[in-house]
Amino acid sequence: MSSLKAVRGTRDLLPPDTQLWNRVEATARAVFARYGFGEIRTPIFEVTELFARGVGEETDIVSKEMFTWEDRARAASEKAQSLTLRPENTAGVVRAYIEHKLGDTGQLQKLFYIGPQFRRERPQRGRYRQFWQIGCEVLGPQSSGAESPIRDAEILEMLASLLDELGVKGWRLEVNSVGSATDRPRYLAALREALAPVKDRMCEDNRRRAETNPLRVLDSKAPEDQDLINALPKIADYLDEASRDHFAQVLAALDACGVAYHVNPRLVRGLDYYTRTTFEFTVPDGSGLGTQNALLGGGRYDGLSEMLGGPRAPGIGFAIGEDRLILTLEAQAGEATVAKLDAYIAPMGLGQNAAALVLARDLRRAGLSVEIGDGSFRLKKSFDAADKIARHMVILGEDEITSNSATIKTFATGQQQKVAIADLQKILHS
Ligand code: AMP
C-alpha cells in the first residue's frame, strides 16, 4: 500500500521547530496587549460571496486561488451554498464587526488574530497552500478616530517594535498611499489610458492585468517590463488634498518616533479593498525567503465595511506571514538553539519507576520541566538519552530511595553529586 502524505503545499510543524512558532506567537500576543488589542477568532470557512465582495472578483486570490466548494443541502428546506476556506482574515473580521454590531459601541475596535489561511498557489519556499498569518485590524465609526493618520503610524510603529523585539534583522518598511475611493477612479482612468498604447509590448501576464486589474501591473517584477512600468503615471500625482495631507501626517508621525521608511510609489498590493496608506515590510536577500521577501503587508480599508453591507467603519490592518517570519528568524539565527529540559530522571530498575514518577510530579509542580526514562534502561542508555534533551540527569536507585536522596549529574560541567531530595529543586532551578 502506498503511504499517505500531507497534501502538496501543506506541511506538518513538529517539535522542536514549534518552539520558535510558540515564541513568535507569545511575543506577538504580549506586544499586541501593550497596544490595547483583543483577540478575535473567526471561522476558517465563510460564504464565498464574502471574499468575492470584500477581496475583489478580479484579484488573483479570488479569481484563481480559493478553495471553494458547493456545500450540499442536508434538508429539503436548506439551500446548497458556496463556501470557501478563508484566503485571508480581514474580510472575516469586518464581517464579524458588522454582524455583532461592534460599531454600536462607538469605540475603536482593536482586534488581532493568529491562524491558518488557504490559497491555491504554486508551492515554493515561503509560499504554501496552507500558511499562517498573524494580523491586526483597527476599525470603528469615524467618531472613534478610526480614520486618523495616528492609527496608521501607531500600527507601523508597533510592527517596527515587534520585529525588533523578535530579533528580525535588516527589515525595510515601504509605504505608499493609493488614495481614497474618489482618487482611485481618476488614477485608474489615467493608468488605463497610459497602458493602452504600451501593453502589447508587455509580457502576457501584464497584458491580462492591464485589462482586468491595471493596478496589479505596478506590482509586476517581470524584468523586461520595468522601463515601461516606471514610465506609467504615479498615483501620488492623483491624490486629492485630503489624501495627500493624510499621508503627510502618517509620515510625519513616523519621523517623530524614529521609524525608518521608504516611500515606494509602485506599492499598491493585490487586494481591492485598500485605500490611502498601504505598506509592506521586507527582509534583505539571504534571509531565508528566496524570492518571497515580503514578510508582511497591510493598509487602510476605509470602504470595506460598506462594501460588505455594513455601516461606515474606516479601518487599517496588516497580516504577517508567520511561515516567512519563522524562516527569516531561523536563517538569521544560524544554528537553532533548542531549549533543554531541566531534568531527566533515570530509575535504576523497574522497582524504581513509581518513585521516579512521584519525584517527576513534585518537580513539575514546582515549575521544572522533566522527562522520565524507564527502569529497564541500562545506565549508559539513560545517559545518552538524557544528554540529548536535558541539562541534568537525576539517578534514582534503590540506595537513593532508601536514603531519601538522588544522584545528580550536570552535563555542562560533568559534575556528579549525591544530594538530599529536599535540595534537588534548588539545584535544578539554578
Ligand atoms: P496578503 O494577505 O496577500 O496581503 O499577505 C500578507 C502576508 O502573508 C505576505 O506578506 C506574506 O508574508 C504572507 N503570505 C501570503 N501568501 C502566502 C503564502 N501562500 N504562503 C506563505 N505566506 C503567505
Side-chain angles (χ1 to χ4, degrees), residues 6-13 21 24-25 28 42 44 46 50-51 54-56 58-67 84-94 112-137 155-156 159 162-163 166 168 171-176 178 213 215-216 218-221 264 266-275 277-284 287-301 304 315-331:
V7 175
R8 195 168 119 83
T10 72
R11 52 206 187 117
D12 301 306
L13 304 173
W21 287 74
V24 162
E25 290 169 16
T42 65
I44 63 168
E46 301 263 4
L50 173 67
F51 305 114
V55 179
E58 296 301 342
T59 58
D60 283 354
I61 295 179
V62 173
S63 64
K64 51 187 191 203
E65 294 172 359
M66 296 205 302
F67 289 96
T84 292
L85 289 181
R86 62 184 186 196
E88 57 95 59
N89 219 155
T90 302
V93 170
V94 177
F112 81 87
Y113 59 82
I114 298 177
Q117 319 293 335
F118 305 85
R119 296 183 195 172
R120 191 184 281 105
E121 297 201 77
R122 197 168 47 79
Q124 63 185 83
R125 190 173 173 79
R127 195 199 275 166
Y128 311 98
R129 292 184 164 183
Q130 172 171 342
F131 59 99
W132 268 258
Q133 285 186 335
I134 301 178
C136 286
E137 312 293 349
I155 284 272
L156 292 168
L159 281 166
L162 173 61
L163 295 184
L166 285 169
V168 176
W171 54 260
R172 177 184 162 96
L173 162 60
E174 298 196 350
V175 280
N176 191 24
V178 294
N213 194 353
L215 278 182
R216 287 301 313 279
L218 303 177
D219 269 349
S220 164
K221 300 215 163 65
N264 173 359
R266 282 177 49 177
L267 182 74
V268 290
R269 318 229 343 103
L271 290 75
D272 272 5
Y273 51 61
Y274 286 120
T275 52
T277 313
T278 53
F279 56 87
E280 219 163 70
F281 280 76
T282 57
V283 282
S287 302
L289 293 186
T291 53
Q292 306 297 315
N293 71 341
L295 207 54
L296 71 96
R300 190 163 262 294
Y301 45 81
L304 181 55
I316 180 164
F318 65 82
I320 302 173
E322 191 177 0
D323 307 72
R324 294 189 192 175
L325 181 56
I326 300 282
L327 285 171
T328 303
L329 288 170
E330 282 171 352

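We count ligands from 1, going down the list as the structure has it; atoms in each ligand are counted the same way. All residue numbers refer to positions in the sequence shown, counting from 1. Hydrogens, waters and symmetry mates play no part in the numbers below; they use all other heavy atoms, side chains included.
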- Query: Out of Pro87, Ala319, Gly9, Gly298, whose heavy atom is nearest to atom 7 (C) of ligand 1?
  - Reply: Ala319
- Message: Going by ring-ring contact (aromatic ring centres under 6.0 Å, His included), name the residues that satisfy it together with Phe112, two or more places apart in sequence or in a different chain.
- Response: Phe32
- Query: So which protein heavy atom does atom 21 (C) of ligand 1 come closest to, and at what separation?
  - Reply: Gly126 O, 3.3 Å
- Message: Do the side chains of Asp323 and Arg127 get close enough for a salt bridge, i.e. N-O under 4.0 angstrom?
- Response: no
- Heavy-atom proximity to atom 17 (C) of ligand 1, picking from Phe318, Trp132, Phe281, Phe131, points to Phe131
- Which distance, rounded to the nearest 0.5 Å, do you find between the CG of Leu163 and the OG1 of Thr328? 9.5 Å
- So how far is it from Met66 CE to Thr84 OG1, rounded to the nearest 0.5 Å? 4.0 Å
- Sorted by chain and residue number, the side chain to side chain contact (heavy atoms under 4.5 Å, CB included) partners of Arg120 (sequence neighbours excluded) come out as Phe67, Arg129
- Task: Please report which non-hydrogen protein atom sits nearest to atom 19 (N) of ligand 1, along with the residue it belongs to and the distance in Å to one decimal place.
- Result: Glu121 OE2, 2.6 Å
- Among protein heavy atoms, which lies nearest atom 11 (C) of ligand 1, and at what distance? Arg324 NH1, 3.4 Å
- Item | Shortest protein contact, atom 4 (O) of ligand 1 (heavy atom only) | Arg269 NH2, 2.3 Å
- For Leu295, counting its heavy atoms only, list the atoms of ligand 1 lying under 4.0 Å from any of them. 10 (O), 12 (O)
- Message: Give me the residue, atom name and distance of the protein heavy atom closest to atom 13 (C) of ligand 1.
- Response: Gly321 CA, 3.5 Å
- Which residue owns the protein heavy atom closest to atom 5 (O) of ligand 1, what's the atom, and how far is it? Gln133 NE2, 3.5 Å
- Query: atom 3 (O) of ligand 1: which protein heavy atom is closest, and how many Å away?
  - Reply: Arg119 NH1, 2.9 Å
- Residue, atom and distance of the protein heavy atom nearest atom 20 (N) of ligand 1 read Tyr128 N, 3.0 Å
- Cation over ring face, Arg172 and Phe281, 6.0 Å, 45°: no
- Looking at ligand 1, does any of its N/O atoms fall within less than 3.5 Å of an N/O of Ile61? no
- Item | Flag side-chain contact, heavy atom, 4.5 Å: Pro87 against Gln117 | no
- Task: Enumerate the atoms of ligand 1 whose separation from the nearest heavy atom of Leu296 is less than 4.0 angstrom.
- Result: 10 (O)
- Close side-chain approach of Leu295 and Leu289, heavy atoms under 4.5 Å: yes
- Could you tell me whether the side chain of Phe318 reaches within less than 4.5 Å of the side chain of Thr90, counting heavy atoms only? no
